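Encoded as structure tokens, the structure appears first; notes follow it.
These numbers were taken from a predicted model, which means no experiment stands behind them. Within every chain, numbering begins at 1; the chains are lettered A, B, ... in the order of the sequence lines, protein sequences first and strands thereafter.
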Protein chains: 2
Amino acid sequence: MKHPQQHPDLDQMKLTEVMAALSDPIRVGLVRLLSDGVERGWGELRAPVAKSTLSHHLRVLRNAGITRTREEGTRCFVTLRRADFDTRFPHLMDAVLDAAGSEDVGHHVGLASAEKLSGVRAGEEVNA
Amino acid sequence: MKHPQQHPDLDQMKLTEVMAALSDPIRVGLVRLLSDGVERGWGELRAPVAKSTLSHHLRVLRNAGITRTREEGTRCFVTLRRADFDTRFPHLMDAVLDAAGSEDVGHHVGLASAEKLSGVRAGEEVNA
DNA sequence: TACGTCGTTCGATGTTTTAAGAACGGCGAA
DNA sequence: TTCGCCGTTCTTAAAACATCGAACGACGTA
């Protein structure tokens, strides 16, 4: 996509930026979704926001060094930069994921799978 | 002081609020300062902001459940709610403190000790 | 080539946050 | 009681953020 998507190096990651990135429920939800290490296509992601907003959230995560975006043709795939992140901020991701899991932060963020199979379109009814 | 200073219970603490509270360098600096477990008087704290702003930052930390404020006569004392916090968010504080230490977040926040001994007044020259 | 899809970027809007100063209320000392 | 100190709250202003819709550019396909 147009501009070549920059990802920060380990030593460019800033704690306060990471904390700010993880202070939004939708972004935490996305991180939880990616926490199994599986790469996900943009189109699989479901969140109760407009696509431009989702794009914005993914950029915040990317700029903070939390996720990596890979482009393939016209579509994008995201992964957690788990190893990098753990190197720079040991144990932080684990602690955040545990906490987020226990209070179910970002539960309205999910995958397309179920809805897609039942014919529901992108971005609909998920906000219910 | 006037209103009785409310502190959230363990189950009222919200991850995203905590993350937001820790996304500001000054607040992280305050947390680092308190991380030795010693209770500090308001007057000991030095940060390059106006007192109303410092009061605001301390309220954000308090509302997030990170610190506890105790009043004694006309002055206040703050402590980290370390045990509570660790119960609610295991390992999170350690991870944050480690990261903050390694990049020296909030280094402009400090104690009065040295300056006081040399006759410097509250809130001055620290912003240098 | 013309069209549709995909994700980003732009522009606008409303909300939240940071910040400082002024005014206030509580308390202790003179 | 009167004064001064301490920390909070209020007011105001500036900056940052979340959100959306529209427009755009890149790519694949008909």
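The pair A:Arg75-A:Glu44 does not meet the salt-bridge criterion, since no charged nitrogen lies less than 4.0 angstrom from a carboxylate oxygen.
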Tabulate protein N/O versus nucleotide N/O from nucleotides 16-20 of chain C, keeping only pairs under 3.5 Å, one per line.
from   : atom 1 : to      : atom 2 : distance (Å)
C:dT18 : OP1    : B:Arg27 : NH2    : 2.9
C:dT18 : OP2    : B:Arg27 : NH1    : 3.2
C:dT18 : OP2    : B:His56 : NE2    : 3.3
C:dA19 : OP2    : B:His57 : NE2    : 2.6
C:dA20 : OP2    : B:Ala50 : N      : 2.8
C:dA20 : OP2    : B:Thr53 : OG1    : 3.1
C:dA20 : N7     : B:Ser52 : OG     : 3.1

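Sparse packing is recorded around NE2 of A:His91, with 12 or fewer heavy atoms of other residues, nucleotides or ligands lying under 6.0 Å away.
Taking the side chain to side chain contact (heavy atoms under 4.5 Å, CB included) definition, one finds that A:Asp94 meets it with A:Arg82, sequence neighbours left out. Contacts of B:Asp11 classified as side chain to side chain contact (heavy atoms under 4.5 Å, CB included), with partners at least two apart in sequence or in another chain: B:Asp9. For A:Arg70, the side chain to side chain contact (heavy atoms under 4.5 Å, CB included) criterion is met by A:Glu39, A:Glu72, A:Phe77, not counting sequence neighbours.
Under 4.0 angstrom from either OP1 or OP2 of C:dT8 there lies at least one side-chain N or O belonging to A:Trp42. Regarding contacts with the backbone of C:dT9, a side-chain N or O of A:Arg59 is found under 4.0 angstrom from either OP1 or OP2. Taking only side-chain nitrogens and oxygens, A:Ser55 comes nearer than 4.0 Å to OP1 or OP2 of C:dT8.
In this structure, the CZ atom of B:Phe77 is 12 Å from the P atom of D:dT8, given to the nearest Å. A straight line from CG of B:Asn63 to P of D:dT8 spans 11 Å, rounded to a whole angstrom. Atom P of nucleotide D:dC6 and atom CZ of B:Arg40 are separated by 18 Å, given to the nearest angstrom. As rounded to whole Å, 10 Å separates atom P of D:dG28 from atom CZ of A:Arg75. Rounded to whole angstrom, the span from the CG atom of A:Leu58 across to the P atom of D:dC17 amounts to 17 Å. Regarding A:Glu72, its CD atom lies at a distance of 15 Å from the C1' atom of D:dA26, rounded to whole Å. As a whole-Å value, the separation of A:Arg46 CZ from C:dG7 P is 10 Å. If you take CG of A:Leu30 and C1' of C:dG7, they are 15 Å apart, rounded to a whole angstrom.
Looking only at atom types and distance, the side chain of B:Arg62 has no donor-acceptor partner in the side chain of B:Thr67 under 3.5 Å away.
Comparing the helix axis at one end of the helix from C:dT1-D:dA30 to C:dA30-D:dT1 with that at the other, each defined from 5 consecutive pairs, gives an inter-axis angle of 10° (nearest 10°).
Within the nucleic acid shown, A:Arg62 comes within 4.0 Å of sugar-phosphate atoms alone, with no base atom in reach, counting heavy atoms only.
Evaluation of the side-chain hydrogen bond (donor to acceptor under 3.5 Å, both in side chains) test over residues 16-37 of chain A, restricted to residues two or more places apart or in two chains, returns A:Arg27-A:His57, A:Arg32-A:Asp104, A:Asp36-A:Arg40.
Checked by atom type and distance alone, the side chain of A:Glu103 pairs as donor or acceptor with a backbone atom of B:Leu15 at under 3.5 Å.
Of all heavy-atom pairs between B:His7 and B:Arg81, the closest is CB-NH1, 3.8 Å.
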